[in-house]
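Below is one structure, written out as structure tokens, with a few remarks after it.
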Amino acid sequence: MKVSLNWLKDYVDIGNISIPEIIHKLTMSGLEVEDSIDEAELYKDFIVGYVKDKKKHPNADKLSICTVNTGTEDLQVICGAPNVEAGQKIVFAPIGTIIPNGKFKINKAKIRGVESFGMICSEAELELSNDHSGIMILKQEVNIGKSIVKELGLDDAILEIAITPNRSDALSHIGVARDLASIFDKGFHLPEISIQESTHKVKELASVEIIDKINCPRYSAKVVQNVTIKESPEWLKKRLTKIGLRPINNIVDVTNFVMYELGQPLHAFDLDKLEGQKIVVRSTEAESVFTTLDSKERKLPKGTLMICDGEKPVAIAGVMGGENSEINNSTKNILIESAHFNPSSIRRTSKALGLSTEASYRFERWVDPSATLLAAERAAQLIANLGDGEVAHGALDCYPEKIKEKEVLLRFDRVSKILGYQIPKEKIIQILKKLGLKIVFESEKEYRFLVPTYRPDLEREIDLIEEIARIYGYDNIPTISKISISLGEKIDESAFEDTIRDHSCSLGFYEMVNNPLQKEQFASLTGNKIQILNPQSLDMAFLRTSLIPGALGVIAQNLNVGEKDLRLFEIGNVFNQNFGKEEIKSFDDFTEVQKHIFILTGRINEKMWNTAEKPVDFYDLKGFVNSLIIKISLDNVLNDSYYHNEDSIFDFYFTKNYDKEEVGIGGKVKKEVLKQFDIQQDVYCFELDLTKLKKIKANPKKFVEPLKYPKSIRDFAFIFDNYVTYEEVIKFIKKSSSELLKSVKLFDLFESESLGKNKKSMAFSLEYFSEERTLTEEEIEKDFNNLIEAVTKNFSAILRGA
Amino acid sequence: MLDERIKKINVDFNQDISTVNDIKQLEELRLKYLSRNGLVSQLFDELKNASKEEKPVLGKVLNTLRNDITEKFNTLKIHLDSLEKESVEKYDLSLPSFERTIGSKHLLIQTLDEIKSIFKGLGFSVIEGPELESDFNNFGALNFPPDHPARDMQDTFFINSEFLLRTHTSPVQIRIMEKTKPPVRAIMPGRVYRNEAISSRSYCVFHQVEGLYVDNDVTFAELKGTLVAFARQFYGENLKYRFRPSFFPFTEPSAEMDITCFLCHGKGCKVCKHSGWLEILGCGMVDPNVFDNVNYDHEQYTGYAFGMGIERTALLKYGIDDIRVFFDNDFRFLKQF
């Protein structure tokens, strides 16, 4: 919200405080000044100039060559405005001046071959209005050569303040002034109201009835007769334009002025258009349609609070008036509405209609119910003072159940318990009194305060403590430099995933962070998807069911920019609706689990002068997964299963299992799936369920003494039938050997016609040793030979090189 | 007799040394002539048997022989050693190496790690919570009344009327307090969602770290002290800071913490919107209504809470001007950090 410092000064005595000090203290008390314009600073270089002469520019139709007198000299200035004429007094920007709109500096320039020594300004360039149709022409009374700051009264400061949702009272000049009074401990006063009223009694001219008393606790109104709708006087227009409002006519401008002065939104009805000169406030009983004063037809839900006349709705309460009761140039008599509506009701209506106005913004945050009459009277007074109407005697004020001021108890020791600092009692009392609170009870240890109705946010002791702290200044509360920490157990729930992260990096993977919101097609690939009720777009309408689609998206994007060898990982949550659940009604209806993904594509080794190129394959993937599992000591706890399954997103894949429960799955991604992402090269990925892994108990690490005795190595190679798997052979070898055989490694594998059709050769290296003694050649030979015989027999294999 | 042998050994040595081509052969030569059992030593042994008259003469000749042989040997050794060195220099050490890849954590996670480690040092636990939350945990329990404009501060993605994607990590506060009795001292990092248009300044998904401390005598002064300690460790010892009153439904008094802009050192620049200050976190004393909602006695216990955005923190720290780079996962970006 924009406020004018000069306007504020009407209510609070801060004349001798500097602008930077005011800005700083406002910000530091919770009314954050986000931006400010100090006019005296902004306009310091502009002067009043006099156009002595105007000639046509020889090389441009629309440009003029003007001679501008600056009080001390005559300068040649090129001007493009259609309205510039000799004899005018204008705003002149000499060389070096910075123009507010665009923040550019005026330099000596040559325009179409003619030199120019400054600029004649428009209101838009000065940011005084949006008018850029021509230059700003000044009244003849202003003095040539003098600063426009003095001559035009540009001595205000405009502050843009961010008002938090709890501070409805600060959405007006009065509200901000009240805070300033408390901050600087200065005098504060409301505008004085005295109205010259006519002999016509208001009660004979109009009436008010509230039917929905819950949503409209108070409705006040004044009637002004014989109004002349016309342009507002300069002072009023200036006040409004300074805070960014566009003047419309005297009545609208006065209602806006009062809203920004007192915070009370007003609405002016054309009294003669109100059937029976009657106001009835009630909520709609069915869905209906209503045309607002912006000529738009609005669909109103049942229960919308409406202002009606004797027979029909004439305004959507607190949001916008109706076209049917709008004032126009022929309006004679007006009724000024000043009401207090239930904030929730206005907010619901505003949300339902998707229509937020300055009025609804304030009503949904709370408007002071005690000040409705004051605001109506203030508006009437201003209209009367402008000489633009006659105020009827008295006011309509329907207030069936008075909203009481709340009493709040403040214990002084509680202030220091919360803040950790003892603010002097006198200071506390002074702050609260300046904010408008009244003392109703006092003792040594506690005071009871009466809170004015414009502060609905002050209901509890803690609310008062906040007021005290913010006005006293958070900076004045000490920053302690010692803390005490309890020695209870500390937990780190992120430790497991962090370990996985570290290992993933060690294995050469880079971490991704993907958006969990994705399109239906991707979320459907891997699970039972959950939909967002109000998505931004169809591309982000579902929650991811696995990390795979997001990771494939990243692969595709990087391939596009020429990054073809990729090794990436991600840790993140995935979401699945439980099968058989129609809707999510509790945390039992869906799962949210943390997953980890490895994804690889391209080459694992690039071609170098001393190494050959190697594309990523399934065994690289498996190797990375196993390395990770070994590192977290789950290698003896988990087992693998291998699949060539048609209805999967993988051509072939493997799973990691704990007992029979799957804790990870991955393999070579199918071409059909890759096609959906526009990926042309092979991709391998594996997804682990960290939520499950975290719960599995790893084998505790034990010290193993380094081997003291030598190892013996024996190699053999067999020709097998092609269908015999490595896993079968290795299991058989381990089963058939004595405990002296400690490890078996496949070191060669090939198929060749020389071996025979559907045959393959596998060569193994066997490691024998004992922790207790040196083995003899004989016992190793015996075991080795037995093994050869057993393998030959069991697989009908042929020992090679025999 | 000995005289003859000396002459012969001299001739033999000269013959042998002329055939030596490498260090290995030279070593053989040394063993043959100059080792303890070598030919020269044998001659010295025999000298003992020579007559008194012959001894000095032969001794002199023998010494000359030994010196002569040793000198020739050493000269050749130096020569051969230098040849050996030259052969080492044949390697072109400038050839490119094959660098093994060590991957890296995402920049956001690195930033989070730094924050976590500071707070762990200050005695905080690290607790996590779900992203798909109930409306109650995300809003109701945190003192956001229904139909209240405070809800507009956080544009929400809804699943339905009761479930949503959490808009902040604050619901984890509720989860901890529902499970644990005070003292509670924890940070809660995590991913949050806001239904805001995607631009260089905002993204619909981002990360926060929440903090909570509840005990018998937790004060606003301690909140300030703890957060200043954090900021000094994270942003630098010399920073200036300020606490500005603000509003969050779940804390009261509430504050925002600003530090002097480290890009312009408080002079004013584009990043700090010419204010000289950067807002780094929101904080405050836990609102008594929140304590009531988790059945903590708000007379006995006080507490503070704070929350900061990780993206914003990382943007500031690394001079990145578009938040979207965090979620693009461009390999060229990931490899930089």
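Computed from a predicted model, the values in this text were never measured in an experiment. Below, read A as the first sequence line, B as the second, and so on, with proteins coming before strands; counting in each chain starts at 1.
- The six-membered or imidazole ring of B:Phe220 lies away from that of A:Tyr421, with a centre-to-centre distance of 6.0 Å or more.
- B:Thr167 meets the side-chain contact (heavy atoms from CB on, under 4.5 Å) test with B:Asn138, B:Phe139, B:Gln154, B:Thr156, B:Arg194; sequence neighbours excluded.
- Residue A:Ser486 touches chain B through its side chain alone, counting heavy-atom pairs closer than 4.5 Å.
- Residues A:Asn515 and B:Cys204 meet the side-chain proximity criterion, which asks for heavy atoms closer than 4.5 Å.
- Of the listed residues B:Pro96, B:Ser104, B:Gly123, the one with more heavy-atom pairs under 4.5 angstrom with chain A than any other is B:Ser104.
- For A:Arg347, the part lying under 4.5 angstrom from a heavy atom of chain B is the side chain only.
- Neither the backbone nor the side chain of A:Glu467 comes within less than 4.5 Å of any heavy atom in chain B.
- B:Ile198 places a side-chain heavy atom less than 4.5 Å from the side chain of A:Gln536.
- To the nearest 0.5 angstrom, B:Asn329 atom CG is 7.0 Å from A:Glu570 atom CD.
- With a 4.5 angstrom heavy-atom cutoff, A:Met608 touches chain B only via side-chain atoms.
- Atom CD1 of residue A:Ile584 and atom CD of residue B:Glu162 lie 11.0 Å apart, to the nearest 0.5 angstrom.
- No part of A:Glu606 comes within reach of chain B, as not one of its non-hydrogen atoms sits under 4.5 angstrom from that chain.
- When each of B:Ile102, B:Val205, B:Asp217, B:Ile109 is scored by its heavy-atom pairs under 4.5 Å with chain A, the top score falls to B:Ile109.
- Among all heavy-atom pairs drawn from B:Phe98 and A:Asn605, the shortest one is CZ-OD1, 3.4 Å.
- Considering only heavy atoms from C-beta on, A:Glu563 comes within 4.5 Å of B:Lys335 through its side chain.
- Of the two parts of A:Ser481, neither the backbone nor the side chain holds a non-hydrogen atom closer than 4.5 Å to a non-hydrogen atom of chain B.
- Looking at heavy atoms from C-beta onward, B:Arg185 lies in side-chain contact with A:Ile485 at the 4.5 angstrom threshold.
- Contact of A:Asn560 with chain B is not made at all, since no heavy-atom distance falls under 4.5 Å.
- For chain A, the nearby part of B:Tyr203 is the side chain; its heavy atoms alone come within less than 4.5 Å.
- Listed here is the closest heavy atom pair of A:Phe575 and B:Glu131: CZ-OE1, 3.4 Å.
- Atom NE2 of residue B:His148 and atom CZ of residue A:Arg365 lie 8.5 Å apart, to the nearest 0.5 angstrom.
- Heavy atoms of B:Ala255 lying under 4.5 Å from chain A belong to its backbone as well as its side chain.
- For the pair B:Pro245 and A:Thr164, the minimum side-chain heavy-atom distance is 4.5 Å or more.
- Heavy-atom distances place no part of A:Arg167 under 4.5 Å from chain B, backbone and side chain included.
- Heavy-atom distances place no part of A:Ile468 under 4.5 Å from chain B, backbone and side chain included.
- Most heavy-atom pairs under 4.5 Å with chain A, from the set B:Glu133, B:Arg100, B:Met285, B:Glu222: that is B:Glu222.
- Contacts of A:Gln577 with chain B are absent, with no heavy-atom separation under 4.5 Å from either backbone or side chain.
- In terms of non-hydrogen atom pairs under 4.5 Å with chain A, the most contact-rich of B:Leu132, B:Val228, B:Leu107 is B:Leu132.
- Counting heavy atoms from C-beta outward, B:Ile159 and A:Ile532 have side chains that approach closer than 4.5 Å.
- Across A:Lys490 and B:Phe124, no two heavy atoms sit closer than the pair CD-C, 4.2 Å.
- Taking each heavy atom of B:Leu334 and A:Glu511 in turn, the nearest pair found is CD2-O, 3.4 Å.
- Taking 4.5 Å as the limit, every side-chain heavy atom of B:Arg151 sits out of range of all side-chain heavy atoms of A:Lys351.
- Both the backbone and the side chain of A:Asp463 come within contact range of chain B, each with at least one heavy atom under 4.5 Å from a heavy atom of that chain.
- Per-residue counts of heavy-atom pairs under 4.5 Å with chain A were compared for B:Ser246, B:Pro183, B:Pro288; the largest is that of B:Pro288.
- Ranking B:Asp287, B:Thr226, B:Thr302 against chain A, the residue ahead of the rest is B:Asp287, based on heavy-atom pairs under 4.5 Å.
- Between A:Pro516 and B:Tyr193 the shortest heavy-atom distance is CG-OH, 3.1 Å.
- Looking at B:Asp215, there are no atoms closer than 4.5 Å to chain A (heavy atoms on both sides), in backbone or side chain.
- Between A:Leu543 and B:Leu165, the closest side-chain pair of non-hydrogen atoms falls below 4.5 Å.
- Contact check on B:Lys116 versus A:Asp498 returns a salt bridge, with a Lys/Arg side-chain nitrogen under 4.0 Å from an Asp/Glu carboxylate oxygen.
- Among residues 550-559 of chain A, the residues having any heavy atom closer than 4.5 Å to a heavy atom of chain B are, in sequence order, A:Val554, A:Gln557, A:Asn558.
- For A:Glu364, the parts sitting under 4.5 Å from any heavy atom of chain B are the backbone and the side chain alike.
- Between the CZ atom of B:Phe163 and the NZ atom of A:Lys585 there is a distance of 11.0 Å, given to the nearest 0.5 Å.
- For A:Pro478 against B:Ala221, the heavy-atom pair with the smallest separation is O-CB, 3.3 Å.
- Heavy-atom distances place the side chain of A:Leu517, and not its backbone, under 4.5 Å from chain B.
- Proximity to chain A is limited to the backbone of B:Ala197, based on heavy atoms less than 4.5 angstrom apart.
- Proximity to chain A (any heavy atom under 4.5 Å) is shown, for B:Phe333, by neither the backbone nor the side chain.
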Pair A:Thr479-B:Tyr241, side chain to side chain contact (heavy atoms under 4.5 Å, CB included): steps then yes or no:
CA-CA 11 Å; A:Thr479 301; B:Tyr241 60 86; 3.4 Å; yes
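- Note: A:Phe587 CZ to B:Asn137 CG = 5.5 Å, rounded to the nearest 0.5 Å.
- In this structure, the separation between CD1 on A:Ile571 and NZ on B:Lys105 is 9.0 Å, given to the nearest 0.5 Å.
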